[in-house]
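In what follows, a structure is listed as structure tokens, so that the remarks can point back to it.
Remember, it's 1-based here, ligands and their atoms both numbered in the order they're listed. Positions are given from 1, in the same order as the sequence printed here.
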Amino acid sequence: MAINIVVGGQYGDEGKGKIISYLALEDKPEVVARGGGGPNAGHTVEYKAKKYKIRLVPSGFVYKEAKLVIGPGVLIDPEVFLEEIKNFEVEGRCFVDRMATIIEPKHKEEDASSEIAKKIGTTKSGIGPATAHRALRDAKLAYQEERLGPYLTDCWKIVNSTSNLLVEGSQGFMLSNLHGTYPYCTAKDVSASAICSEIGLGPKKVDNVIMVIKSYTTRVGSGPLEGEISPEQAKKLGMDEYGTVTGRQRRVNPNLIWQELKKAVIVNSATFLALTKLDVKYPQAKGLRDFQKLPKKAQDFVFEIEKKLNVPVALIGTGPDAQDIIDRRKELGIKK
Ligand code: GTP
Ligand code: IMP
Ligand code: MG
């Protein structure tokens, strides 16, 4: 029984979907709440030989007993939402806050054609224009969208009345509008505090802030990326990846960017890290669930991260399935 929040520590696509789905199956939260962004997010969840690509419905849907709720800070594209309700068979247990902003077709058109959106290389999901209209206070809200009638709720009531909650952030710290690489960033802050605010969860309630980092760095879209290698080099290293929402090839730095991660740990007040794709960097780690069995080089990489960032690495991804994880929480004395 804990209140856990999961955020991205790099440029998004750290593998949050996989970590969240593992935590949902393992910890059995009463509620999984989604904050952050909107359908610009693309989370991939692999479970029992099935692969799901999710943009709005919480990735914790794989745990069938959980109630799923999307906060008022999340931008809702009704088509995407309704499609996912059907595809992921979550009718009757997935709700959206009545005060959430609706992404309208005109927002998507503007996001696909404006000069600034092209310069940034946005996901064309309408995020910037819809956020701008929310700030101008002429945006349409979820309660004004007829098709969403059966799904409306008050998120703040749900998230503040349980102590068994998994909160799901989206994007990654370096894409934060406030703390990232502005103007090459998304339209909102995506740090843990912002995610709490977006679902109406009081900040003192959080037990663990879990910051997800991948064993190397990727970025999709324009903007600075220190230590970037060519797509061909990335492919040779098995680090070539393609965007979940846009299909674009992700840019790669085969290493971690320590300065950026140090800032991300502090601003998010990360209590522990989840490290994904260790098996991509060290193929002998594939499928392992026991830290002691990891090759020495992989163990040393984990220790290096803990030393440099001063936060324990409590979860380690060793394969694509939700269950391909080394869970060190018990040995590290972390409340589950
Ligand atoms: P988020 O946006 O942070 O949720 O990440 P993502 O889901 O966008 O990343 P992506 O779409 O690239 O999907 C990641 C893929 O890598 C999925 O198929 C995951 O199952 C898989 N994956 C996640 N963690 C690991 C890991 O530790 N090892 C391996 N080999 N694959 C992983
Ligand atoms: P927008 O959020 O669609 O406006 O896109 C702004 C920038 O953030 C672009 O560089 C996108 O590629 C990037 N971005 C937004 N959401 C995600 C995400 O979930 N993963 C990775 N990159 C993202
Ligand atoms: Mg993604």
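With hydrogens and angles ignored, the 3.5 Å screen pairs a side-chain donor or acceptor of E84 with a backbone N or O of V57. Side chain of T131 to main chain of I127: a donor-acceptor pair is present (N/O by atom type, distance under 3.5 Å, no hydrogens or angles). A donor-acceptor distance shorter than 3.5 angstrom exists from the side chain of S230 to the backbone of Q233, with no hydrogens or angles considered. Panel note: side chain Q144, backbone L141; a donor-acceptor pair is recorded below 3.5 Å. At least one donor-acceptor pair under 3.5 Å links the side chain of N164 to the backbone N or O of K28. For R248 (side chain) and G121 (main-chain N/O), a donor-acceptor pair under 3.5 Å exists by modelled atom type. Within the 3.5 Å criterion, the main-chain N or O of P129 finds no donor-acceptor partner in the side chain of R134.
Sparse packing is recorded around NZ of K293, with 12 or fewer heavy atoms of other residues, nucleotides or ligands lying under 6.0 Å away. The environment of OH in Y242 is crowded: more than 12 heavy-atom neighbours from other residues, nucleotides or ligands sit within 6.0 Å.
Taking 4.0 Å as the cut-off, Y184 does not count as a neighbour of ligand 2 on heavy-atom distance. Proximity of R250 to ligand 1 is established by a heavy-atom distance of less than 4.0 Å. The shell of residues lying under 4.0 angstrom from ligand 2, judged by heavy atoms, excludes H43.
When only interatomic distances are considered, the shortest N/O to N/O separation between V280 and ligand 1 does not fall below 3.5 Å. Polar contact with ligand 1: present for G15 (N/O pair, distance under 3.5 Å). Of the polar atoms of T276, none of the N or O atoms is found under 3.5 Å from an N or O of ligand 1, judged by distance alone. Polar contact check, E14 against ligand 1: a nitrogen or oxygen pair lies under 3.5 Å apart. Taking only nitrogen or oxygen atoms, main chain and side chain alike, T123 reaches within less than 3.5 Å of ligand 2. Any N or O atom pair closer than 3.5 Å counts here, and G128 shares no such pair with ligand 2. Between T244 and ligand 1, a contact under 3.5 Å exists for at least one N or O pair. By the 3.5 Å distance cut-off applied to N or O atoms, H43 is counted among the residues near ligand 1. Residue contacts with ligand 1: K277 is placed with a nitrogen or oxygen under 3.5 Å of a nitrogen or oxygen of the ligand (distance criterion only).
Here the shortest heavy-atom distance to atom 9 (C) of ligand 2, taken over P39, A130, G180, G121, belongs to G121. By heavy-atom distance, the residue among R55, K18, Q171, E168 lying nearest atom 24 (N) of ligand 1 is K18. The option with the heavy atom closest to atom 7 (C) of ligand 2, from among G221, G37, C185, G42, is C185. Which of P320, G8, G319 comes nearest to atom 21 (C) of ligand 1 through a heavy atom is settled by distance: it is P320.
Between D240 and P231 the shortest side-chain heavy-atom distance does not fall below 4.5 Å. Using a 4.5 Å heavy-atom threshold, the side chains of V311 and E306 count as separate.
The proximity of D279 to ligand 1, defined as any non-hydrogen pair under 4.0 Å, is limited to the side chain. Residue-level proximity to ligand 2 for R248 is carried by the side chain, the only part with a heavy atom below 4.0 angstrom.
From the protein, the heavy atom lying nearest to atom 21 (C) of ligand 2 is D13 OD2, 3.1 Å. Looking at atom 2 (O) of ligand 2, its nearest protein heavy atom turns out to be T186 OG1, 2.6 Å. Distance from atom 13 (C) of ligand 2 to its nearest protein heavy atom, with residue and atom name: L175 CD1, 3.8 Å. For atom 16 (N) of ligand 2, the nearest protein heavy atom (residue, atom name, distance) is Q171 NE2, 3.2 Å. Scanning all protein heavy atoms for the shortest distance to atom 7 (O) of ligand 1 gives T44 N, 2.6 Å. Here the protein heavy atom with the shortest distance to atom 5 (O) of ligand 2 is T122 CA, 3.5 Å. Of all protein heavy atoms, the one closest to atom 18 (O) of ligand 1 is E46 OE2, 2.6 Å. If you check which protein heavy atom lies closest to atom 6 (P) of ligand 1, you get G42 O, 3.6 Å. Nearest to atom 10 (O) of ligand 2 among the protein's heavy atoms is V220 O, 3.3 Å.
For F81 and Y151, the gap between ring centers is short of 6.0 Å.
Within the protein, the N, O or S atoms lying under 2.8 Å from the Mg ion (ligand 3) are D13 OD1, G42 O.
Within ligand 2, counting atoms from 1 as listed, the ones closer than 4.0 Å to a heavy atom of Y11 are 21 (C), 22 (N). Residue-ligand proximity, T318 to ligand 1, at heavy-atom distances under 4.0 Å covers atoms 27 (O). Interface of G317 with ligand 1, defined as ligand atoms under 4.0 Å from a residue heavy atom, comprises 27 (O). Annotation for ligand 2: atoms under 4.0 Å from non-hydrogen atoms of N40 are 2 (O), 3 (O), 15 (C), 16 (N), 17 (C), 18 (C), 19 (O).
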Stepwise side-chain hydrogen bond (donor to acceptor under 3.5 Å, both in side chains) test for D321 and Y22: CA-CA 9 Å; D321 192 89; Y22 169 77; over 6 Å; no
Test log, rule salt bridge (charged side-chain N to carboxylate O under 4.0 Å, His left out), inputs E14 and K214: CA-CA 5 Å; E14 298 91 351; K214 187 153 57 183; over 6 Å; no
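Figure legend: R328 and F291 shown as a cation-pi pair, the cationic atom lying under 6.0 angstrom from the six-membered ring centre and within 45 degrees of its axis. Figure legend: K297 and Y282 shown without cation-pi pairing, the cationic atom not lying both under 6.0 angstrom from the six-membered ring centre and within 45 degrees of its axis. Within the cation-pi definition used here (under 6.0 Å to the ring centroid, within 45° of the axis), K281 does not qualify as a partner of Y216.
The aromatic rings of H179 and F173 lie parallel to each other, their planes meeting at an angle below 30°, with 60° marking the opposite boundary.
For the pair P72 and I199, the tightest heavy-atom approach, listed with the atom from each and the gap, is CD-CA, 4.1 Å.
One finds the CG atom of L256 at 12.0 Å from the NZ atom of K262 (value rounded to the nearest 0.5 Å).
Of the residues V245, T186, L75, the one that meets the side-chain contact (heavy atoms from CB on, under 4.5 Å) test with N40 is T186.
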